[in-house]
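Have a look at the structure below, then the notes.
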Number of protein chains: 2
Amino acid sequence: MKEDKEITIYDIARRLNISAATVSRSLKEHQSISTATRKKVHAMAKEMGYRTNSFARNLRTQQTHTLGLIVPRLNSYVVSSIIAGIENIASEYGYNIIISQSLGSAKKETSNINMMFDSRVDGLLVSLAYNAKNMDKFKMFFDKNIPVVFFDRGCEDPRSLNVVIDNYRNAYDVTRHLAEQGCSRIMHITGDLSTNIYEERFRGYKAALRDSGLSFSDDLLLVSDLTEKAGVDAGNHILQMTNKPDGVFAANDNCAAYCLQTLKEAGVKIPQEIAFAGFNNDPVSRIIEPNLTTVNYPCHEMGEVAAKCLIDHLSGTRTVDNANTVVLRSEIIARASSLRK
Amino acid sequence: MKEDKEITIYDIARRLNISAATVSRSLKEHQSISTATRKKVHAMAKEMGYRTNSFARNLRTQQTHTLGLIVPRLNSYVVSSIIAGIENIASEYGYNIIISQSLGSAKKETSNINMMFDSRVDGLLVSLAYNAKNMDKFKMFFDKNIPVVFFDRGCEDPRSLNVVIDNYRNAYDVTRHLAEQGCSRIMHITGDLSTNIYEERFRGYKAALRDSGLSFSDDLLLVSDLTEKAGVDAGNHILQMTNKPDGVFAANDNCAAYCLQTLKEAGVKIPQEIAFAGFNNDPVSRIIEPNLTTVNYPCHEMGEVAAKCLIDHLSGTRTVDNANTVVLRSEIIARASSLRK
DNA sequence: TTGTAGGCGTTATCAT
DNA sequence: ATGATAACGCCTACAA
């Protein structure tokens with residue numbers, strides 16, 4: 001297959017009449033090598049088109065300079081933005097990233113985790129599809145002291161590092177906001193409640209109802225997969241309810257937008273009859289009319305912080321004091337879809 | 001760092017009183033090994049918690065089973081969806097993916113290419129930020145016969161494989177459609193024209209104008225970075241034009257949507273005064289009102305086809321006959337933003 | 001400052 | 001069907 005032989009440090013050594021060790025050290029800018037030799041080596045390496053063989057080095061050093069990334073799905077606004085942030089930092093520090101998505105399949109998620117382990121990544125960045133009841137899947141990483149950083153969706157295991165936002169608080173704020181705008185029957189559209197972010201948002205929502213003197217009932221909760229279609233379905237569902245809500249808080253903007261749109265097309269006045277709020281500050285939230293009240297999710301920052309946290313950990317430079325959980329700032333953005341004044 | 005020693009095939013061999021070679025062969029399901037031995041080996045490997053060391057194997061076999069992925073930016077609807085498709089196929093065939101983004105920096109793009117080369121990827125999947133005048137950057141890949149598949153934005157080099165859509169044709173169709181709806185001054189908002197997709201769309205647009213008996217003038221062309229902000233700016237620009245267009249074809253939906261929104265807020269009637277069309281079939285195109293006429297971009301399919309094409313090539317199974325360019329089907333979707341009847 | 005030599009864990013080529 | 005052995009290319013004590 002390969003056209004010509006790969007150049008090795010031995011080839012360089014031969015041409016320069018020095019030892020391979022000297023070449024190796026020169027390439028690594030080792031202190032103990034004279035500047036003259038170093039220069040010669042670099043020049044020759046360049047001339048001969050040498051490239052270091054990372055396998056040989058990895059095999060020797062037992063390090064890969066590669067980070068594993070596991071997410072539920074790659075093509076979502078939040079996830080892809082987080083990844084962009086991760087890539088920024090990783091490339092700055094010379095780390096490669098291997099990606100994988102589970103697409104909601106627990107089986108694929110497990111196989112991805114194993115794949116990452118077999119690829120011997122130096123560390124792992126994970127956003128779990130569902131709340132793992134136990135962290136057995138990651139046991140091998142913990143056992144070998146391979147750091148695992150959970151982002152977006154955190155993980156309760158004390159051995160894990162977490163980079164998250166305060167889902168409870170944000171959901172609480174959004175729901176209170178809706179209540180303050182005069183809503184008394186606030187519906188919550190969310191994802192699988194075994195996923196901690198959705199569970200936390202649900203708790204925040206319920207707490208806000210309680211603190212606002214409003215009551216919760218099961219018909220106010222709609223669990224879906226939060227897709228576009230789920231939004232449309234939710235809208236149609238609401239249209240058929242006899243006792244309609246006067247407020248909706250959806251756990252993501254995309255679903256909220258399509259739900260809102262469906263209702264609007266059926267003649268429902270937003271926000272007068274039903275006030276709306278979403279989550280994420282997705283671009284659609286600024287296109288839908290009325291613009292969607294939402295929560296500003298610091299995606300890019302989260303990616304950068306998570307990657308930095310992992311890399312710091314790998315270099316022994318723990319900046320994240322003793323805390324094993326970083327909570328990023330995020331806040332509600334009130335827009336027309338919920339403002340009734 | 002590591003807790004306990006890694007298990008090697010030698011450890012397994014010792015425990016089983018056989019040779020390491022036999023263990024290696026058993027693990028690979030080699031024909032010449034008795035079923036009994038194979039079973040024993042597998043059982044013992046599992047019991048001892050063995051995992052193959054891919055570096056050693058890579059070092060030996062000179063293969064990485066890793067694909068490199070280079071894109072302008074990771075967090076866009078089109079790109080993230082393509083990546084999702086790539087991941088699907090890659091993981092099915094047991095390939096890892098390392099990602100990188102250039103963020104529009106030619107320097108970072110070059111450094112990413114080099115990084116991929118040094119990582120010794122088996123093949124490369126590339127969407128170039130700008131049209132490279134020369135393919136020198138990829139010379140090292142071509143020289144070593146490492147296959148490079150260009151997707152989204154193709155590449156003219158005869159040694160490259162391409163997976164693209166017909167940008168010229170789609171742009172032509174969209175523009176003709178606008179003309180048929182009665183537009184006579186159709187503006188084109190696009191990205192850097194040194195990027196081939198934008199150049200092709202521009203050509204398709206101009207050809208359609210000509211074939212519709214309309215004339216082109218420089219004030220009908222607006223080059224931007226196609227971001228949200230560029231859309232708003234474009235809208236404001238149009239508002240200030242004395243001789244306003246009566247149709248707008250933007251090279252991406254996100255930009256089109258924000259432009260449309262800006263005009264609408266200023267009281268411009270869409271599509272009566274200005275008809276609109278975008279490109280990509282991004283979710284925002286179905287949220288903006290009126291819904292945006294656009295071109296259905298087969299992102300997911302493109303990712304899958306590109307990955308499949310690369311992997312086939314690696315295994316010597318060229319399915320893509322002699323053609324080195326695959327053009328995926330894509331078509332215009334007419335929606336309210338351009339329908340004047 | 002530089003050289004020598006052994007080993008990282010596999011796979012592949014010979015043998016047996 | 002299995003074993004012995006030599007690479008693969010690099011790093012790093014230890015020596016000089």
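Numbered from 1 within each chain, the chains take letters A, B, ... in sequence-line order. Owing to the predicted nature of the structure, the values given are computational and were not obtained by experimental measurement.
Between F138(A) and F150(A), a ring centre-to-centre spacing shorter than 6.0 Å is recorded.
Within the 4.0 Å cut-off from OP1 or OP2 of dG3(C), at least one side-chain nitrogen or oxygen of T22(A) is found.
N196(B) places no side-chain N or O within donor-acceptor distance of the main-chain N or O of R153(B), the cut-off being under 3.5 Å. With hydrogens and angles disregarded, a donor-acceptor distance shorter than 3.5 Å links the side chain of D122(B) to the backbone of H65(B).
Legend: residues meeting side chain to side chain donor-acceptor pair (under 3.5 Å) with S34(B), ordered by chain and number and at least two apart, are T37(B). Residues passing the side chain to side chain donor-acceptor pair (under 3.5 Å) test with S119(B), sequence neighbours excluded: N96(A). Residues that satisfy the side-chain contact (heavy atoms from CB on, under 4.5 Å) test with T35(B), not counting sequence neighbours, are R38(B). Listed by chain and number, the residues in a side chain to side chain donor-acceptor pair (under 3.5 Å) with E87(A) are Q101(B), K108(B) (sequence neighbours excluded). Listed by chain and number, the residues in a ring pair (Phe, Tyr, Trp, His ring centres under 6.0 Å) with F55(B) amount to none (sequence neighbours excluded). Evaluation of the side-chain contact (heavy atoms from CB on, under 4.5 Å) rule for A306(B) yields L125(B), V149(B), F151(B), V163(B) as partners, not counting sequence neighbours. Contacts of T22(A) classified as side chain to side chain donor-acceptor pair (under 3.5 Å), with partners at least two apart in sequence or in another chain: S19(A). E47(A) is linked by a side-chain contact (heavy atoms from CB on, under 4.5 Å) to R15(A), M44(A), counting only residues two or more places apart in sequence or in another chain.
Rounded to 10 degrees, the angle between the two end axes of the helix from dT1(C)-dA16(D) to dT16(C)-dA1(D) is 30°, with five pairs used at each end.
Comparing N17(B) and L59(B) by the nucleotide of DNA chain D that holds the closest heavy atom to each, the one mapping nearer the 5' end is N17(B).
The pair D11(B)-R14(B) counts as a salt bridge, with a side-chain nitrogen and a carboxylate oxygen less than 4.0 angstrom apart.
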For a side chain to side chain contact (heavy atoms under 4.5 Å, CB included) check, start with the C-alpha distance between L128(A) and T195(A), then their side-chain angles and the critical distance, and finish with the verdict.
CA-CA 8 Å; L128(A) 239 33; T195(A) 305; over 6 Å; no
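Of the residues in residues 37-47 of chain B, not one comes within less than 4.0 Å of DNA chain C through any heavy atom.
Counting to the nearest Å, the C1' atom of dT2(C) and the CD atom of Q31(A) are 15 Å from each other.
A 4.0 Å heavy-atom criterion places the boundary nucleotides of DNA chain D facing chain B at dA1(D) to dG9(D), written 5' to 3'.
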Per-nt protein contacts along nucleotides 10-16 of chain C (heavy atom under 4.0 Å; B base, S backbone sugar-phosphate only, - none) come out as BBBB---
